[in-house]
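Hydrogens, waters and symmetry mates play no part in the numbers below; they use all other heavy atoms, side chains included.
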Amino acid sequence: MRAKRMRVALLCAAATAVAGVASASAETATIEMLNKKGDERFVYSEPLVRIEPGDTLSIAATDKGHNAVSIDGMLPSGAEPINVPFNKDGEITLTEPGVYGIKCTPHVGLGMVALIVVGDPANLDAAADAADKLPPKAKKRMSELFSQL
């Protein structure tokens, strides 16, 4: 009986240690909302981000007048929509693998979109179909991003 308790205690300690390592290894990726980057206007600083499930996406309101919201149809099953309000910073821990598309509501027509890939892009086809429904400049930018996957 004593050996069994000792084994259970060791297993619990090992599980706690592994959980601590897993959460300590989570990464943070940052996207800035910008009026201009190089020759491009109204862009996210990183239009394509690749992270692992459990990593955090930080969205910074570097320039004012922008938001970051999920694009309809570009969200993995079971994932919470991204909704960073105008002129605010936001942090989202993404746990569901797949492709997430975000847009700036007033500037999507000017091509202000980004693609976040979390682990395995399981919903790639559905996300690509949804990207085809975007305004022309956003659709073109998304097509370029999908070609990098």
Side-chain angles (χ1 to χ4, degrees), residues 10-149:
L10 286 172
L11 286 172
C12 288
T16 301
V18 169
V21 169
S23 63
S25 66
E27 299 290 327
T28 299
T30 301
I31 295 176
E32 296 175 275
M33 298 182 275
L34 302 172
N35 290 334
K36 186 174 181 178
K37 181 180 177 186
D39 293 338
E40 295 182 307
R41 296 181 45 80
F42 303 110
V43 295
Y44 293 105
S45 63
E46 301 298 326
L48 176 61
V49 173
R50 294 174 195 256
I51 59 176
E52 293 301 316
D55 288 352
T56 299
L57 177 65
S58 176
I59 300 176
T62 303
D63 293 332
K64 301 301 179 203
H66 306 290
N67 68 339
V69 297
S70 291
I71 296 171
D72 290 340
M74 296 185 75
L75 191 67
S77 178
E80 289 291 321
I82 296 170
N83 187 5
V84 178
F86 287 95
N87 307 321
K88 302 283 184 190
D89 295 338
E91 280 198 355
I92 307 106
T93 299
L94 300 172
T95 57
E96 297 298 326
V99 177
Y100 296 70
I102 59 172
K103 66 181 178 181
C104 174
T105 306
H107 302 120
V108 66
L110 299 171
M112 192 167 178
V113 294
L115 199 60
I116 300 105
V117 180
V118 179
D120 177 38
N123 63 325
L124 189 59
D125 291 338
D129 289 345
D132 282 342
K133 297 177 181 127
L134 291 170
K137 282 188 178 182
K139 180 179 175 178
K140 180 179 186 282
R141 184 164 285 161
M142 275 295 182
S143 176
E144 292 165 0
L145 298 173
F146 275 104
S147 73
Q148 296 176 42
L149 298 182

Peer 1: Check whether any side-chain heavy atom of M112 sits under 4.5 Å from a side-chain heavy atom of M33, and report yes or no.
Peer 2: yes
Peer 1: What are the two closest non-hydrogen atoms of P47 and L145, and how far apart are they?
Peer 2: O-CD1, 3.4 Å
Peer 1: Of all heavy-atom pairs between T93 and G54, which one has the smallest distance, and what is that distance?
Peer 2: CG2-O, 3.4 Å
Peer 1: For the CD atom on E144, are there more than 12 heavy atoms of other groups (residues, nucleotides or ligands in this structure) within a distance under 6.0 Å?
Peer 2: yes
Peer 1: For the NE2 atom of H66 and the CG atom of N87, what is their distance to the nearest 0.5 Å?
Peer 2: 8.5 Å
Peer 1: Looking at D129, I'd like to know if its CG atom is crowded, meaning that more than 12 non-hydrogen atoms belonging to other residues, nucleotides or ligands lie closer than 6.0 Å.
Peer 2: yes
Peer 1: To the nearest 0.5 Å, tell me how far T30 OG1 sits from D89 CG.
Peer 2: 9.5 Å
Peer 1: Distance from E40 atom CD to L34 atom CG, nearest 0.5 Å?
Peer 2: 10.5 Å
Peer 1: Counting neighbours of NZ on K37 that are heavy atoms of other residues, nucleotides or ligands and sit closer than 6.0 Å, is the number greater than 12?
Peer 2: yes
Peer 1: Closest approach of M142 and A131, non-hydrogen atoms and distance?
Peer 2: CB-CB, 3.9 Å
Peer 1: In Å and rounded to the nearest 0.5 Å, what is the CD to CD1 distance from E91 to I59?
Peer 2: 10.0 Å
Peer 1: Closest heavy-atom contact between L75 and S70?
Peer 2: CD1-OG, 3.9 Å
Peer 1: Going from CE on M74 to CD1 on I116, what distance comes out if it is rounded to the nearest 0.5 angstrom?
Peer 2: 8.5 Å
Peer 1: Only one of L134, I82, I102, L115 forms a side-chain contact (heavy atoms from CB on, under 4.5 Å) with I71, so which one is it?
Peer 2: L134
Peer 1: Determine, stepwise, if the pair V43 / R141 fulfils side-chain contact (heavy atoms from CB on, under 4.5 Å).
Peer 2: CA-CA 10 Å; V43 295; R141 184 164 285 161; 3.5 Å; yes
Peer 1: Could you tell me whether the side chain of V108 reaches within less than 4.5 Å of the side chain of P135, counting heavy atoms only?
Peer 2: yes
Peer 1: Determine yes or no for a side-chain-to-main-chain donor-acceptor pair under 3.5 angstrom, with N35 supplying the side chain and D63 the backbone.
Peer 2: no
Peer 1: Could you tell me the separation between the CD atom of E27 and the CD atom of E52, rounded to the nearest 0.5 Å?
Peer 2: 9.5 Å
Peer 1: Could you pull out the closest heavy-atom pair between P106 and G65, with the gap in Å?
Peer 2: CG-O, 4.0 Å
Peer 1: Between the main-chain N or O of V69 and the side-chain N or O of N83, is there a donor-acceptor pair closer than 3.5 Å?
Peer 2: no
Peer 1: Would you confirm whether N67, through its side chain, and T105, through its main-chain N or O, come within 3.5 Å as a donor-acceptor pair?
Peer 2: yes
Peer 1: Considering only heavy atoms from C-beta outward, does the side chain of P53 approach that of T95 to under 4.5 Å?
Peer 2: no
Peer 1: Looking at D125, I'd like to know if its CG atom is crowded, meaning that more than 12 non-hydrogen atoms belonging to other residues, nucleotides or ligands lie closer than 6.0 Å.
Peer 2: no
Peer 1: Whether the side chain of Y44 engages the backbone of K103 through a donor-acceptor N/O pair (distance < 3.5 Å, no angle test) should be reported.
Peer 2: yes
Peer 1: Could you pull out the closest heavy-atom pair between P76 and Y100, with the gap in Å?
Peer 2: CG-CE1, 3.4 Å
Peer 1: Is a side-chain N or O of S45 found less than 3.5 angstrom from the main chain of E32, in a donor-acceptor match?
Peer 2: yes
Peer 1: side-chain contact (heavy atoms from CB on, under 4.5 Å) with L57: which of V118, L94, T28?
Peer 2: L94
